[in-house]
Q: 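Pasting a structure here, questions to come.
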There are 2 protein chains.
Amino acid sequence: MSTSRPVGHGPLPPLHSAPDADLDDIDRRLLRRLGEDGRASYARIGAEVNLSATAVKRRIDRLRARGVVRGFTVVLDPRLLGWGTEAFVEVYCRERTSPEEILASLRQFPEVVAAWTVTGDPDALVHLRAADMRHLDAVIERIRREPGVQRSRSSVVLSRLIG
Amino acid sequence: MSTSRPVGHGPLPPLHSAPDADLDDIDRRLLRRLGEDGRASYARIGAEVNLSATAVKRRIDRLRARGVVRGFTVVLDPRLLGWGTEAFVEVYCRERTSPEEILASLRQFPEVVAAWTVTGDPDALVHLRAADMRHLDAVIERIRREPGVQRSRSSVVLSRLIG
DNA sequence: CATGAAACTTTTTCTGG
DNA sequence: CCAGAAAAAGTTTCATG
């Protein structure tokens, strides 16, 4: 029943040496535990941080209220779900293409797992997930044809090192 | 206690139209619900998918056993934790630098949230999180000085569009 | 073989110290 | 922060289609 998902490296932001977050040591251990198993019971967490289940719940509630804890989610295996191929696409937009327009363009693709506007030559970086190369190719082609998009440069993921 | 985290776009792989995963419609709805709230009770989930809590638990257990569900985790707000600045760094390695060496280099930085080896000109793409620009700059400098690293090209994240 | 109901255990949630 | 009681959720067992 225990999930082994080391944090620090991974989808979670680093907990240790956080510059400033008003977290005490117990909060950090507690969040680390929730990072490893988001369904861990308050009682079990409390046993590990030397706190009663009630105290643990109150701390987590407080962290939720503050917005530090945004919620809880399930971690799935994209490969086993049939989404084994991923890529990053740098998108170069035409002049006068707003982030809103980029967003609107990308929103329609379920293959777009994440996207950011960035500094530098490209305007946006897009993280794609697809079933296979063929699928990936098709999606990239469709993105390139979007009105606001001028050109793009793709990197297919060979292996996930961290995260 | 309900978390609004739309899936399809985001850290979760898309659930709908999964090419092949041996998931039936109930599994997909169930996973979607867990994506939104990883701590939702079996009873509540069951009420939404017209199944008993027992049946829901067994389905989730089965999905865990198959590896489709890797676990559960908490979703944190990096900004409120003091990690508000992020960037992507393309790393160009020297000849004969293995992925293992890249991994070993990057592992030591807690600021490295994710990293992939990729096709194309750069060898690796690195996702960084830092407290601020100053911090980000320092980390990138340290990465550039790593033995296996030849040069790098960075994009600072301006805004998160999706994910 | 998956399901649902019931029995049983653990955990959560209140209350008041 | 602790203790205890009530409520809810998790877990196991068993019978059914």
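Owing to the predicted nature of the structure, the values given are computational and were not obtained by experimental measurement.
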Q: Please round to the nearest 0.5 Å and tell me the distance separating atom CG of L80(A) and atom CZ of R70(B).
A: 8.0 Å
Q: Closer than 4.0 angstrom, basic N to acidic O: yes or no for R129(A) and E86(A)?
A: yes
Q: Rounded off to whole Å, could you give me the CZ-to-C1' distance for the F72(A) and dT12(C) pair?
A: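 Checked: the CZ to C1' distance equals 14 Å.
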Q: Strictly distance-based, threshold 3.5 Å: is any side-chain N or O of R62(B) a donor or acceptor partner for the main-chain N or O of K57(B)?
A: no
Q: Where the side chain of A55(B) is defined as all heavy atoms beyond and including C-beta, which of dC1(D), dG4(C), dT12(C) is the nearest nucleotide?
A: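 So the nucleotide nearest the side chain must be dG4(C).
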Q: Rounded to whole Å, please give me the gap between CG in D61(B) and C1' in dA9(D).
A: 14 Å
Q: Any salt bridge between E101(A) and R107(A), counting N to O under 4.0 Å?
A: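 No salt bridge links E101(A) with R107(A).
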Q: In this structure, how many angstroms lie between the P atom of dT10(C) and the CZ atom of R39(B), rounded?
A: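 Whole-Å distance recorded here is 18 Å.
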Q: Heavy atoms only, 4.0 Å cut-off, all strands: where does T54(B) land among base, sugar-phosphate and nothing?
A: base
Q: Classify the nucleic acid contact of S41(A) as base, sugar-phosphate or nothing, counting any heavy atom under 4.0 Å across all strands shown.
A: sugar-phosphate
Q: So, is K57(A) near the phosphate of dT12(C), with a side-chain N or O under 4.0 Å from OP1 or OP2?
A: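 Answer no for this pair, as no side-chain N or O of K57(A) is under 4.0 Å from OP1 or OP2.
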Q: Starting from Watson-Crick (N1-N3 plus N6-O4 or O6-N4) and G-U wobble pairs under 3.5 Å, report the runs of at least three that DNA chain C belongs to.
A: C:1-17 with D:1-17
Q: Between dC2(D), dA2(C), dT12(D), spot the one nearest the side chain of R62(B), thanks.
A: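 Selected nucleotide: dA2(C).
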Q: Hey, are R29(A) and E36(A) close enough for a salt bridge, meaning a charged N less than 4.0 Å from a carboxylate O?
A: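 Looking at E36(A) together with R29(A), the answer is no, because their closest N to O distance does not fall below 4.0 Å.
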Q: To the nearest 0.5 Å, how far apart are CD1 in I60(A) and CG in L30(A)?
A: 4.5 Å
Q: Does R44(A) have a side-chain nitrogen or oxygen under 4.0 Å from the phosphate oxygens OP1 or OP2 of dT10(C)?
A: no
Q: Just the rounded figure in Å: distance from C1' of dT10(C) to CD1 of I45(A).
A: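 That distance rounds to 15 Å.
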Q: Please compare A40(A) and R59(B) by the position of their nearest nucleotide in DNA chain C and report the one closer to 5'.
A: R59(B)
Q: When you get a sec, tell me which of dC2(D), dT13(C), dT12(C) is the closest nucleotide to the side chain of A43(A)?
A: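 Taking heavy atoms from C-beta onward, the closest nucleotide is dT12(C).
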Q: Taking NZ, NE, NH1 and NH2 as the nitrogens, is one of them in R145(A) or E141(A) under 4.0 Å from a carboxylate oxygen of the other?
A: yes
Q: Taking only N and O in the side chain of Y42(A), is any of them less than 4.0 Å away from OP1 or OP2 of dT10(C)?
A: no
Q: Ignoring backbone atoms, test whether R58(B) places a side-chain nitrogen or oxygen under 4.0 Å from the OP1 or OP2 oxygen of dT12(D).
A: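 Answer is no, no contact under 4.0 Å.
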